[in-house]
Amino acid sequence: MGYEWDFGIVLRNADLLLLGLANTLKVTGLALAFGLPLGLALALGRLSPRRWLRAPVGLVVEFFRSTPPIVQLFWFFFALPLLTGIEIDPFRASVLTFSIQSSAFFAEVFRGGIVSIERGQWEAAKAIGMARGQALRRVVLPQAVKRMIPAFLERVIELMKTTTLVATVSYADLLYQANNIAQRTYRPLEVFTVAAVLYFVVLFPLSLSVRGLERRLARSGETTAH
Amino acid sequence: MDHVWDFTSVIASRKLLLIGLLHTVELGVLCLVLGLTAGAFVGAARYSRNRWVNWPASAFVEVFRNTPALVQIIWFYFAFPILVPIDIDPFLAATLGLSLNTTAFAAEIYRGGIQSLGRGQWEAARALGMTYGQQLTRIILPQAVKRMVPAFMNRAVELMKMTSLASVIAYGELMHQAKTISTYNFNPIETYTVVALIFFALIYPLALAMQQVERRLRRSE
């Protein structure tokens, strides 16, 4: 093929792409900051002995895990404002969607980790007079979190990949910026290739560290929760 | 606010939704079959001791696992046609992106499943005089595939959700139909709610079946 690659165009728009990358990281970071505590709350709800709490929380988690995130995003962006009368800009809709969406997955990681801790740990904590909450905070979670770290990082990778959807509601993330530049310069090949490379450069080291951690945990005789 | 839910315009559009659902299932099943098949070869290639085989396979897997599926689909739709002299419609672009993405994840499942078997299985098969191919197809794979089933089902769940990304390049699957319906009827609340429920009804049974299989396997091993 006689196509002449020209990355000069990408270089001249590097500031726009980097701004997009920063926005991608911002949405990912915020969704993570809200999604983690919410995920823990959902996990505890699902593990609750009270049926009236366990059943609805389970339904919420399963619903958000079993529907496409783009449908969720469109619902929060187009339907929720009409239902509530509150204006929601693309940024808020994105953070809201991905906080809830990722929390459903984090809930399962937390739950898996907590369940993986042997009953004896709970019983021992109870024997020395701890309440259930204390046993969870002081004995079970500190041990469980260690096992969960690889699964968490895995979810962070998935979350960052999923945030590309915000481009479809016109939030200026990396993909959105790339699309704009590609349309303006008629150079989709270079621009989208570079955008993919930028995602890869952020995500690949994360993937490698997941594998490194898993290996190290396996060596120290720890199981990892998935 | 006091929104009055009204599903009549969604019900009137049921034909569009049904066509979308068919396209979603079609795309999902096609990419699953292609991905699981090609994944076996890529997984085997990653297992090879020959650097010329194993290195490109690893690069392929890492690139497709560590970039967003939406970027892959858009790349195949807008960028790839510049490199190849063929017309690429939304269906072909989505199929390429999603089946290669599934290939990369499936390759890792095959590799993990095969590695999970002890060396003794290979050695015992060799001691019986089996060739490498016989060891793999008669001894290793039958045992490994059983362990891989939940992971494959998980891929199917992820893939069915990912098919909705094809709406971004205007392939007429369920999500794209929803966009069309809500734009014509100004009923995003009802349309996106119904479409979310359809996806849930499609995907949740798969997720449940996966949990069931996982539980049964754990008990038997």
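As a basis for the values below, the full set of heavy atoms in this structure was taken, side chains included, without hydrogen atoms, waters or symmetry mates. The structure displayed is predicted, hence computed values, not measured ones. Just so it is clear: chains get the letters A, B, ... in the order the sequence lines come, proteins before strands, and each one is counted from 1.
- Considering every non-hydrogen atom in both B/Lys161 and A/Thr67, the closest pair reads CD-O, 3.5 Å.
- Here the CZ atom belonging to B/Phe80 is positioned 10.5 Å from the CG atom belonging to A/Leu189, to the nearest 0.5 angstrom.
- Between A/Glu62 and B/Phe200, the shortest heavy-atom contact is O-CE1, 3.6 Å.
- At a 4.5 Å heavy-atom cutoff, the contact between A/Thr164 and chain B is made by backbone and side-chain atoms alike.
- Formation of a donor-acceptor pair under 3.5 Å by the A/Lys161 side chain with backbone atoms of B/Arg65 is found in this model.
- Using cut-offs of 30° and 60° for the angle between ring planes, the A/Phe74 and B/Tyr192 rings count as perpendicular.
- For B/Glu214, no part lies under 4.5 angstrom from a heavy atom of chain A.
- Using a 4.5 Å cut-off between heavy atoms, B/Thr193 contacts chain A through both its backbone and its side chain.
- For A/Thr162, no part lies under 4.5 angstrom from a heavy atom of chain B.
- Note that the CZ atom of A/Phe192 and the CD1 atom of B/Ile73 stand 12.5 Å from one another [nearest 0.5 Å].
- Contact between B/Tyr204 and A/Ser66 at its shortest, heavy atoms only, is CD1-OG, 3.7 Å.
- Looking at A/Leu175, the atoms closer than 4.5 Å to chain B (heavy atoms on both sides) all sit in the side chain, from C-beta outward.
- Using a 4.0 Å cut-off between charged nitrogen and carboxylate oxygen, B/Glu62 and A/Arg211 count as a salt-bridge pair.
- With rounding to the nearest 0.5 Å, the separation of CD in B/Glu190 from CG in A/Leu82 is 9.0 Å.
- For the pair A/Ile70 and B/Ser167, the tightest heavy-atom approach, listed with the atom from each and the gap, is CD1-OG, 3.7 Å.
- Distance check: B/Thr67 OG1 to A/Tyr199 OH gives 10.0 Å after rounding to the nearest 0.5 Å.
- Residue A/Gln72 holds its CD atom at 11.0 Å from CZ of B/Phe199, rounded to the nearest 0.5 Å.
- Only the side chain of A/Glu158 comes within less than 4.5 Å of a heavy atom in chain B; its backbone stays farther off.
- Separating the CH2 atom in A/Trp75 from the CD1 atom in B/Ile189 is a distance of 7.5 Å, to the nearest 0.5 Å.
- For B/Ala196, the parts lying near chain A are the backbone and the side chain together; criterion is any non-hydrogen pair under 4.5 Å.
- Remark: A/Phe7 CZ is packed, more than 12 non-hydrogen atoms of other residues, nucleotides or ligands lying under 6.0 Å away.
- For CH2 of A/Trp5, the number of neighbouring non-hydrogen atoms (other residues, nucleotides, ligands) closer than 6.0 Å is greater than 12.
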